[in-house]
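Data first, discussion second: the structure below is written as structure tokens.
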Amino acid sequence: MATGQRDGRGGVRRRRLLIAGILAVLGLALLTLGLTVARGTVAGVEVALAVILLVASYALQYVARRETLYRRDRR
């Protein structure tokens, strides 16, 4: 039995939104460090990684919400 079948669609959506939230918090923390504390190449790498994490978070939220919005109800 796959995880999606056991938890249902709501469980999969909640898990994706939780992961997206964690990615967003990590991205914001790295962005803050990169813009305030870090210097030189390290700051550039941190900011680039933060942007990637924030875009991944947005994409994961988009997928989770889109699946909920456009799913076909089986009754």
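This is a predicted model, so every value here is computed, not measured.
- Heavy atoms only, all atoms of each residue included: Gly34 and Ala43 are closest at O-CB, 3.4 Å.
- Here the closest non-hydrogen pair linking Ala50 and Leu30 is CB-CB, 3.8 Å.
- One finds the OG1 atom of Thr41 at 11.5 Å from the CD atom of Glu46 (value rounded to the nearest 0.5 Å).
- To the nearest 0.5 Å, atom CG of residue Leu17 and atom CD1 of residue Ile22 are 11.5 Å apart.
- Between the Thr36 side chain and the Thr32 main chain, a donor and an acceptor come within less than 3.5 Å of each other.
- In this structure, CG in Leu54 is found 9.5 Å from CG in Leu26, a value given to the nearest 0.5 Å.
- Pairing each heavy atom of Ala20 with each of Leu60, the nearest pair is N-CD2, 3.8 Å.
- Nearest heavy atom pair, residue Ala56 against residue Leu23, reads CB-CD1, 4.2 Å.
- By the 4.5 Å heavy-atom criterion applied to side chains, Arg65 and Arg13 are counted as neighbours.
- Grouping the Ile, Leu, Val, Met, Phe, Trp and Tyr side chains by contacts below 4.5 angstrom, directly or via other members, places Ile19 with Leu53.
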